[in-house]
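Below, read A as the first sequence line, B as the second, and so on, with proteins coming before strands; counting in each chain starts at 1.
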Number of protein chains: 2
Amino acid sequence: MAERQERADAARNRAAILRATEDLLRDDTADRVPIEAIAARAGVGKGTVFHRFGNRAGLLRALLERRAEELRARVEDGPPPLGPGAPPRDRLNAFLAATVDLATRNIAVITAYEQAAPDRHAEPVYRFWHEHVRGLVAEARDDLDADLVAHILLGSLHGDLVLHLIRRGESDRLVTTLRQVSDALLGEAP
Amino acid sequence: MAERQERADAARNRAAILRATEDLLRDDTADRVPIEAIAARAGVGKGTVFHRFGNRAGLLRALLERRAEELRARVEDGPPPLGPGAPPRDRLNAFLAATVDLATRNIAVITAYEQAAPDRHAEPVYRFWHEHVRGLVAEARDDLDADLVAHILLGSLHGDLVLHLIRRGESDRLVTTLRQVSDALLGEAP
DNA sequence: AGTCCAACTGGACCGATGGTCAACTTATCG
DNA sequence: CGATAAGTTGACCATCGGTCCAGTTGGACT
């Protein structure tokens, strides 16, 4: 039943491509990074990139998932308040702070990803985040439309807003205000 | 000093182009509408479209601004609670309901516009909406980061969320929940 | 009515880019 | 070592936004 193992050269190329993408998005003198440039930087042919990742959205998705992986682990297994055990209000605030931090540190990936995959509701990372927030909201308040409240809270992570704040060096405002919003919604912790 | 009047043929073409864009976005069997298709439908050359509107974003902007014009007028001069006179809480709720309604009825324009002009913070319509909401929030609560709260509230109008709800025939949930959020934030009206 | 020109028009053309494909190479397994 | 599935490649294709300039025309002014 085991998935056939990825060939060694293929794994090497996958890593090289992801690293090249990160590099090019980091030195974002150019704000539009064509796949061909990524391939060149990684030292592979353009066809290889598409063979590995399907399309532009697939490549960015893989990159973002790697960045989000550590957060997911901390949420599922880590210590409170991010991990299980703390009251939902605290977990929610911790989670929102963590995602804002993640988004801030990876703003280039986020914006490129949003461009390439316009429907976030179909994207695995977003679905996980949303489901987590939805659950916490529902736990704390059963009289709200938790599903929608979760979408609204996560709406603050859209690349344009985060970028707007980063440009002014004020990304911490988002954490503060989001906390005020969630406290107002769920009621302050006792 | 008066602006030189637009020539009659130019005005006719401007109208035809806007109408063609609306038509093609409405019958959105195709979700990507190339400028060339719009030009063909309007019975003009592609060059004319660019001459009139500068670029794709400019065309969509003109269309959206026309749709938003009536709302702007009602906000500035109309009767309360949307217009001046009502308490800020009520004006805010009325305004949010109105924008959700506008976005819902023009979802195709909104999504096309977001694609073409990724930085909403630079866009006139968004700036007006944001400034209005910011002012109302600040009036009701001077201890909040009104600027950011306004961005967060308006974040709910992103095309992907609105479309998601429309597809399920549940766009009214957004009005309800947004009202709950704003009430929780500003405190319920006495 | 006639002249003139700034405004307008159209569509060939260009460059960028995402994605495809068929011929070729190679890691891996028995 | 041979067989073969997996992987690689870059030329090629189609699409599209935007440019440009040669040709056309509305309308102001006489």
Is [X] salt-bridged to [Y], cutoff N-O under 4.0 Å?
X	Y	result
Arg105(B)	Asp101(B)	yes
Glu65(A)	Arg61(A)	no
Arg89(A)	Glu139(A)	no

To the nearest Å, how far apart are [X] [atom1] and [N] [atom2]?
X	N	atom1	atom2	value
Gln5(B)	dC29(D)	CD	C1'	18 Å
His51(B)	dA7(C)	NE2	P	9 Å
Arg14(B)	dA7(C)	CZ	C1'	13 Å
Glu6(B)	dG27(D)	CD	C1'	14 Å
Leu59(A)	dT17(C)	CG	P	15 Å
Phe53(B)	dT9(C)	CZ	C1'	14 Å
Ile35(A)	dT20(C)	CD1	P	12 Å
Asn55(A)	dT17(C)	CG	P	17 Å

It should be established whether [X] places a side-chain nitrogen or oxygen under 4.0 Å from OP1 or OP2 of nucleotide [N].
X	N	result
Thr48(B)	dC8(C)	no
Arg32(A)	dG17(D)	no
Arg7(A)	dA5(D)	no
Arg52(A)	dT8(D)	yes
Asn13(B)	dT9(C)	yes

Return the 5'-most residue of the pair Ala10(B), Glu36(B) with respect to DNA chain C, ranking by each residue's nearest nucleotide.
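First, find each residue's nearest nucleotide; the 5'-ward one identifies Ala10(B).
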Please tell me which of Asp9(A) and Phe50(A) maps to the more 5' nucleotide of DNA chain C, matching each residue to the nucleotide holding its nearest heavy atom.
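It is Phe50(A) whose nearest nucleotide is closer to the 5' end.
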Mind checking Arg56(B) for me? I need base, sugar-phosphate or nothing, with any heavy atom below 4.0 Å counting as a touch.
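Counting heavy atoms under 4.0 Å across all strands, the contact made by Arg56(B) is with sugar-phosphate only.
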Do side-chain atoms of His130(A) reach the backbone of Asp147(A) as a donor and acceptor pair under 3.5 angstrom?
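Yes.
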For DNA chain D, whose closest nucleotide is more 5', that of Pro34(B) or that of Arg12(B)?
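Result of the comparison: Pro34(B).
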Near Glu69(B) CD, under 6.0 Å, is it more than 12 heavy atoms from other residues, nucleotides or ligands?
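Check passes, neighbour count above 12.
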